[in-house]
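Only a predicted model underlies this, so the values are computations on that prediction, with no experimental measurement involved. Counting starts at 1 for both ligands and their atoms, in listed order. FYI, the numbering just counts along the sequence from 1.
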Amino acid sequence: RRRARAPPLPPPPPQLAAAAAQAQEAADRLAAAREADPLKGRYGDLPLIQSSEKTGRVWRRLDTLTDADVGTTVLVRARVHAVRGGGRSSFMVLRQRSTTVQLLVAADEAEANVSRTMVKYASTLPKETVVDVEGEVVAATVASCTLASLELHAATIRAVSRAAPLPFDIVDAGRSDADVAAAAAKGEALVTVSQDTRLDARVVDLRVPASQAIFRVQSAVCQLFREALLGMGFVEIHSPCLIAGASEGGASVFTLDYCGRPACLAQSPQLYKQMALAADFDRVFEITPVFRAEKSFTHRHLTEFTGLDFEMAIHEHYDEALDVIDALFVSIFDGLNERWGKELEVVRAQYPAPPLRYLRTTLRLTHAEGIAMLRAAGHDIDEMSDLNTEAERVLGRLVAVAHGTDFFILTRYPAAVRPFYTMPCPDDPSRSNSYDVFIRGEEIISGAQRVHDADMLTAAATAAGILPDSLADYIQSFRYGAFPHAGAGVGLERVVMLFLGLDNIRKASLFPRDPKRLTP
Ligand code: ATP
């Protein structure tokens with residue numbers, strides 16, 4: 001197929017054209033000066049790196065540099081984070097992910113090693129340009145860089161890829177509210193960057209150290225989830241996201257055209273992970289995108305998020321699944337605190353929040369006990385209601401005060417507020433063998449013992465207004481002998497947001513999708 005030809009660009013406005021012409025003249029002057037410079041081989045833009053050579057040189061990572069490297073010459077590839085000065089010397093800051101180091105480009109008296117033209121070249125490189133720098137590691141005190149006890153003295157500097165003008169400055173996007181407020185108190189107005197501006201240029205926003213750290217924490221949550229469940233005998237599965245019908249009722253689905261037939265995007269791997277148990281996998285987990293076509297404009301709802309799901313056979317009681325949730329999350333939280341402390345520190349520097357408080361054995365309360373706590377605190381809440389966002393928040397605070405934990409489990413929800421496949425309580429059919437789990441008063445997990453009896457499941461689906469025919473394969477899978485089972489669905493972005501105490505789930509989603517946002 002032929003590509004449509006792009007329409008010609010409109011001419012730039014006159015002031016921009018003048019600025020561009022000036023910049024071009026300056027660049028031409030610098031190029032001419034460099035041509036005449038005997039040191040010109042030590043700086044300049046590199047030709048396109050196109051896999052044409054393998055030199056065997058070794059690039060050092062900035063975060064591996066220590067005082068022991070003082071006196072050695074290293075080669076690094078990093079971004080130009082900031083530039084000050086010019087003339088005979090320029091102080092630059094190089095950044096590699098969250099690590100920054102000061103780079104001094106200084107002309108010597110005889111211009112035998114570094115020329116003034118080289119200083120000019122370096123100091124006029126646009127911010128965020130990717131450079132290769134060879135330099136000596138020198139002891140120094142640089143409080144403003146993460147490598148505070150050393151700096152680099154440039155011997156060579158070459159641009160690998162120049163940056164275009166930025167939609168916002170990384171430094172402006174990396175400030176904490178406290179820094180902005182402190183400056184305002186002194187009468188200084190610092191630039192701040194709105195969430196939409198950040199998300200519109202997410203690639204730039206993701207370079208901010210706190211964002212870098214958030215997504216390392218996100219990766220860590222997945223790693224720790226996997227490590228813990230594999231250690232408990234679970235098998236990782238991959239169920240389809242393209243499905244024939246709405247899986248569970250309730251949350252609305254995205255529909256699409258599937259080779260001429262209607263289809264949906266999965267709202268969760270619920271039915272398939274249960275079918276995997278019916279297929280003798282015993283204990284399964286999955287990390288998968290899930291889709292919700294809900295018009296929820298809140299700080300904690302996305303239309304696409306990552307589900308961390310598990311499902312397991314139980315012998316007698318859904319407490320067996322709660323024991324897994326307990327061990328799993330205590331090990332995730334311990335792991336984050338013990339192995340990702342540096343990242344937590346970087347996030348907290350921009351988004352301060354108290355560390356999560358959790359008990360060695362997770363607190364379990366019943367829904368009725370939760371309602372009783374809310375009522376005792378003067379909140380008029382119906383005994384058989386699902387808790388709304390506000391009630392969950394308040395309960396989170398009450399539990400924190402009474403039990404000293406920001407993490408707890410609430411069990412035995414009213415059957416009427418749970419999906420049809422939830423097993424009712426044996427002693428009270430108006431309640432269910434279900435549970436939600438909360439961090440700082442917000443839901444991160446929903447789960448239950450499931451109905452594994454095909455006839456009971458058919459009746460429950462019918463009572464919920466769902467045509468059993470639309471669930472034929474699912475229900476049939478329990479007719480060939482089924483193990484009693486229970487499981488849970490966790491929202492990855494919610495866990496990251498709430499563990500870190502962030503105010504918005506979009507900060508914990510790489511390229512967030514919500515009812516208004518489908519790009520970038
Ligand atoms: P909520 O009541 O907060 O809307 P839910 O009851 O719809 O959540 P489930 O369908 O049970 O949630 O999903 C399991 C988990 O998935 C939730 O506990 C939460 O962590 C996460 N989750 C659910 N919906 C969303 C969403 N729209 N965006 C991000 N995460 C979500």
S.K.: Suppose I only count heavy atoms of Arg300 and a 4.0 Å limit; which atoms of ligand 1 are within that range?
M.R.: 3 (O), 28 (N), 29 (C)
S.K.: Output yes when a side-chain donor or acceptor of Ser211 lies under 3.5 Å from a complementary backbone atom of Asp205, and no otherwise.
M.R.: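 Yes: the side chain of Ser211 pairs with the backbone of Asp205.
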S.K.: So, are Arg339 and Glu227 salt-bridged, with charged N and O less than 4.0 Å apart?
M.R.: yes
S.K.: Of all the atoms in ligand 1, which lie at a distance below 4.0 Å from a heavy atom belonging to Ser446?
M.R.: 11 (O), 18 (O)
S.K.: Atoms of ligand 1 less than 4.0 Å from Ile445 heavy atoms?
M.R.: 18 (O)
S.K.: Nearest non-hydrogen atom to atom 3 (O) of ligand 1 belongs to which of Arg494, Glu493, Glu442?
M.R.: Arg494
S.K.: In the structure I gave you, are the side-chain heavy atoms of Leu229 and Val324 within less than 4.5 Å of one another anywhere?
M.R.: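 Yes - at least one pair of side-chain heavy atoms lies under 4.5 Å apart.
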S.K.: Anything under 30° is parallel, anything over 60° is perpendicular, the rest tilted; go ahead and classify Phe333 against Phe499.
M.R.: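 The rings of Phe333 and Phe499 lie parallel, inter-plane angle below 30°.
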S.K.: Quick check on Arg292 - does any of its heavy atoms sit under 4.0 Å from an atom of ligand 1?
M.R.: yes
S.K.: Identify which of Phe305, Phe438, Phe291 has a heavy atom lying nearest to atom 22 (N) of ligand 1.
M.R.: Phe305
S.K.: Under a 4.0 angstrom heavy-atom cut-off, which atoms of ligand 1 come close to Gly489?
M.R.: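 Near Gly489, the atoms of ligand 1 are 14 (C), 15 (C).
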S.K.: Can you find a pair of side-chain heavy atoms, one from Arg79 and one from Thr129, that are under 4.5 Å apart?
M.R.: no
S.K.: List ligand 1 atoms under 4.0 Å from Ile505, heavy atoms only on the residue side.
M.R.: 29 (C)
S.K.: As a test of understanding, state which of Phe329, Phe234, Phe285 forms a ring pair (Phe, Tyr, Trp, His ring centres under 6.0 Å) with Phe310.
M.R.: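 Result for ring pair (Phe, Tyr, Trp, His ring centres under 6.0 Å) with Phe310: Phe234.
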